[in-house]
Protein chains: 2
Amino acid sequence: MKMSEGVEWALHCCLTLAWLGRDDAAVPTSRLAAAFELPPAYLNKCLQLLVKAGILASSAGVKGGFRLARAPQQITLLEVVTAIEGPEPAFRCTEIRQGGAGATAAPGEFARPCGIAAAMHRAEAAWRRELAAQTVADLLRAAPPTASERLRCWQLAQAR
Amino acid sequence: MKMSEGVEWALHCCLTLAWLGRDDAAVPTSRLAAAFELPPAYLNKCLQLLVKAGILASSAGVKGGFRLARAPQQITLLEVVTAIEGPEPAFRCTEIRQGGAGATAAPGEFARPCGIAAAMHRAEAAWRRELAAQTVADLLRAAPPTASERLRCWQLAQAR
DNA sequence: GCGATGCTACTCGGATAAAAACTGTCCGAGTGGCATCGG
DNA sequence: CCGATGCCACTCGGACAGTTTTTATCCGAGTAGCATCGC
């Protein structure tokens, strides 16, 4: 069970864009990728997913790029993770209890959900609850940018 | 982020072995695979992982197979999941904050952990806590076996 | 001088290949049970 | 009849391919800005 690296990239990009402020000009993928030493084309794909989720807004043209679509306190970590990973839960019950010996079950015997699946989904719900409780604004407050992170923001703001 | 199917298989096998009782004879992979309609060789691989984790005990020979190594109330769901998926967390911080502009950082600037990684790990800790709070015995209690599940156990107990 | 217009460079966006992880399979080492043989 | 012994079938266990998901890349459509041209 490995989470996509795109989640880390997306969160760092959101945090950086929040530092820059929503009012500044848009930041293109190429600049963000250079600031973090990431593959530009693939990072672009991740940012597109964030646009689809309504977290970022994109603008085309020569001075286009991405910016935050909402205020940082209205972007939860869960939204970012879901945008990249998709909405499906990590644990998917394939109902193996209905295979083999279960094939002879009376109709309606498996009406109530599988207890194992219920337990796993409960755990995932706790995970989601924790992610939904934190916003990008919380990250801003908890960790003020270090010197080199301020440098990164300055580089992104320069040379438009 | 997709969890391995082996987790579901392992949990169902543990639950079934718990129904049978630790004192009965061992159940070989071939019989378990037939009872759930699963690929026998791959299921065997998963059961081996459970043996390595000390959850199951294996015995060789003509009447060999697998059985629970401990009492059901001493097997948490977290142990089973960790045995199959491995101990590494789903979210792995690759420290991209140190790339690019971060390369010019003063030594010790990144001593404190990344706030994003901390938040993600906090969420995963909640997930683990929920899994560690439930044991196989709890599954036994919560969901008594249905008719076809009892049939499955009977088939496993027969024809030794 | 001012506005309309065409062009150009740059951006996003989706379609297209490599890499990795997961899934599935095979065969060999080892062991316990059983039949056989000897006492 | 009882015990020792050799054999054999069956098991686990780890090494070996196939398939799906993830990662990475490329190229085209579209657009905003800018220079140019005409009035």
Can you measure [X] atom [atom1] to [N] atom [atom2] for me and round it to whole angstrom units?
X: Arg92(A); N: dT21(D); atom1: CZ; atom2: C1'; result: 10 Å
X: Ile84(B); N: dG24(C); atom1: CD1; atom2: P; result: 13 Å
X: Met1(A); N: dT21(D); atom1: CE; atom2: P; result: 17 Å
X: Met3(A); N: dC22(C); atom1: CE; atom2: P; result: 14 Å
X: Leu38(B); N: dG24(C); atom1: CG; atom2: P; result: 9 Å
X: Leu49(A); N: dT23(D); atom1: CG; atom2: C1'; result: 13 Å
X: Ile96(A); N: dT23(C); atom1: CD1; atom2: P; result: 13 Å

Original post:
Under 3.5 Å, is there a donor-acceptor pair between the Ser148(B) and Glu109(A) side chains?
Top reply: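 Looking only at side-chain atoms, Glu109(A) and Ser148(B) do form a donor-acceptor pair, the distance falling under 3.5 Å.
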
Original post:
Does atom CZ of Arg22(A) have more than 12 heavy-atom neighbours, drawn from other residues, nucleotides or ligands, at distances under 6.0 Å?
Top reply: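 Incorrect, the count does not exceed 12.
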
Original post:
Are the charged groups of Glu95(B) and Arg97(B) less than 4.0 angstrom apart, N to O?
Top reply: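 A salt bridge is present here (some side-chain N lies under 4.0 Å from a carboxylate O).
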
**OP:** Just jot down the ring-ring contact (aromatic ring centres under 6.0 Å, His included) partners of Trp9(A), sequence neighbours excluded, or say none.
**Re:**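 Checked Trp9(A) against ring-ring contact (aromatic ring centres under 6.0 Å, His included); matches are Tyr42(A).
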
Original post:
Who passes ring-ring contact (aromatic ring centres under 6.0 Å, His included) against Phe91(A), sequence neighbours left out?
Top reply: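 For Phe91(A) there are no ring-ring contact (aromatic ring centres under 6.0 Å, His included) partners, ignoring immediate neighbours.
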
Original post:
Going through the checks in order, is the salt bridge (Lys or Arg N to Asp or Glu O under 4.0 Å) test met by Arg70(A) and Glu79(A)?
Top reply: CA-CA 12 Å; Arg70(A) 313 179 219 156; Glu79(A) 286 178 288; 3.0 Å; yes

Subject >> Side chain of Gln48(A) - closest among dG13(C), dC12(D), dG24(C) >> reply: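 Shortest atom-to-atom distance from the side chain points to dG13(C).
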
Original post:
The side chain of Glu5(A) lies closest to which of these nucleotides: dG14(D), dT23(D), dT11(D)?
Top reply: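 So the side chain of Glu5(A) is nearest to dT23(D).
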
Original post:
With a 4.0 Å cut-off on heavy atoms, is Gly6(A) in touch with a base, just the backbone sugar-phosphate, or nothing at all?
Top reply: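 Nothing, no nucleic acid heavy atom in range.
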
Original post:
Among Leu20(B), Leu56(B), Leu47(B), which one satisfies side chain to side chain contact (heavy atoms under 4.5 Å, CB included) with Val27(B)?
Top reply: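 When side chain to side chain contact (heavy atoms under 4.5 Å, CB included) is applied between Val27(B) and each of Leu20(B), Leu56(B), Leu47(B), only Leu20(B) qualifies.
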
State whether [X] places a side-chain N or O below 4.0 Å from either non-bridging phosphate oxygen (OP1 or OP2) of [N].
X: Thr29(B); N: dT11(D); result: no
X: Ser58(A); N: dG13(C); result: yes
X: Ser4(A); N: dT23(D); result: yes

Original post:
Pick the nucleotide of DNA chain C nearest each of Phe66(A) and Lys2(A); which residue has the one closer to the 5' end?
Top reply: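 Of the two residues, Phe66(A) wins.
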
Between the protein and nucleotides 25-31 of chain D, which nitrogen or oxygen pairs come in under 3.5 angstrom?
none

